[in-house]
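Letters A, B, ... are given to chains in the order of the sequence lines, protein chains preceding strands, and every chain is numbered from 1.
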Amino acid sequence: DTGVSQDPRHKITKRGQNVTFRCDPISEHNRLYWYRQTLGQGPEFLTYFQNEAQLEKSRLLSDRFSAERPKGSFSTLEIQRTEQGDSAMYLCASSKQGNQPQHFGDGTRLSIL
Amino acid sequence: AQSVTQPDIHITVSEGASLELRCNYSYGATPYLFWYVQSPGQGLQLLLKYFSGDTLVQGIKGFEAEFKRSQSSFNLRKPSVHWSDAAEYFCAVDLRENKLVFGAGTILRVKS
């Protein structure tokens, strides 16, 4: 069990640029989740996949955000035309199907200049 | 409104003292319940979980939590705190909707 891996750990970019984050879940986990955490708050749910199917998206996920999990393994989260308010920690988690806890990666911290 | 409340933003305890972190939820049904810990700049580590059964659950690092249905609470406890326990602690609920709802967190400081 190598844990959930996220890349990059930190991303600094200028407002208006596009960014893409990657998440590699624990290998036998078929569910994958994205959360966003701003300073002083708990994580907030963005979206989740079961295998390659994206089954739910939060209203927090504006049309500038897109997530994919093309082969049911790793996932990417892309933010287009970044804004100051996108600055946050983006956390990925994975779990097995059923009543199983979610295991989190170390996150990608995004800073918008 | 449905929510998860952690009433204490900061708690400071002396090393070796006991600890209790509070968590209350306001949902009609009993959710699945979790406690996670987060060190600065890191992701969340699962401490313990409650799905059903025995209302006192044991977790890692000497932590335990008790589910009290009548109080809609799931408080985290540790009998003797170590300096390495300093971190931020999050209570979370799963309404069987395949997503976690988190409280705002409690920052634990440990005095030596």
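To the nearest 0.5 Å, atom CG of residue B:Leu46 and atom OG of residue A:Ser95 are 11.5 Å apart. Atom CD of A:Gln100 and atom CZ of B:Phe51 lie 6.5 Å apart (nearest 0.5 Å). With values rounded to the nearest 0.5 angstrom, A:Tyr48 atom OH is found 12.0 Å from B:Leu100 atom CG. The CZ atom of A:Arg31 sits 13.5 Å away from atom NZ of B:Lys99, with the distance rounded to the nearest 0.5 Å.
A:Arg9 CZ: more than 12 foreign heavy atoms inside a 6.0 Å radius. Summarising the local packing, CD of A:Glu68 is surrounded by 12 or fewer heavy atoms from other residues, nucleotides or ligands at distances under 6.0 Å. Annotation: B:Lys78, atom NZ; neighbour count of heavy atoms from other residues, nucleotides and ligands within 6.0 Å is above 12.
Taking the side chain as every heavy atom from C-beta outward, B:Phe90 and A:Gln41 never approach each other to under 4.5 Å. For the pair B:Gln38/A:Gln37, a side-chain contact is recorded, criterion being any heavy-atom separation below 4.5 Å from C-beta on. Taking the side chain as every heavy atom from C-beta outward, B:Tyr32 and A:Asn99 approach each other to under 4.5 Å. Put simply, the side chain of B:Phe102 reaches to within 4.5 Å of the side chain of A:Tyr35, judged on heavy atoms.
Proximity to chain B (any heavy atom under 4.5 Å) is shown, for A:Glu44, by neither the backbone nor the side chain. Heavy-atom distances place both the backbone and the side chain of A:Gln102 under 4.5 Å from chain B.
With chain A as partner, the option from B:Ala92, B:Cys91, B:Gly103, B:Gly41 having the largest number of non-hydrogen pairs under 4.5 angstrom is B:Gly41. For chain B, the option among A:Gly107, A:Pro101, A:Gly105, A:Pro43 with the highest count of heavy-atom pairs below 4.5 Å is A:Pro43.
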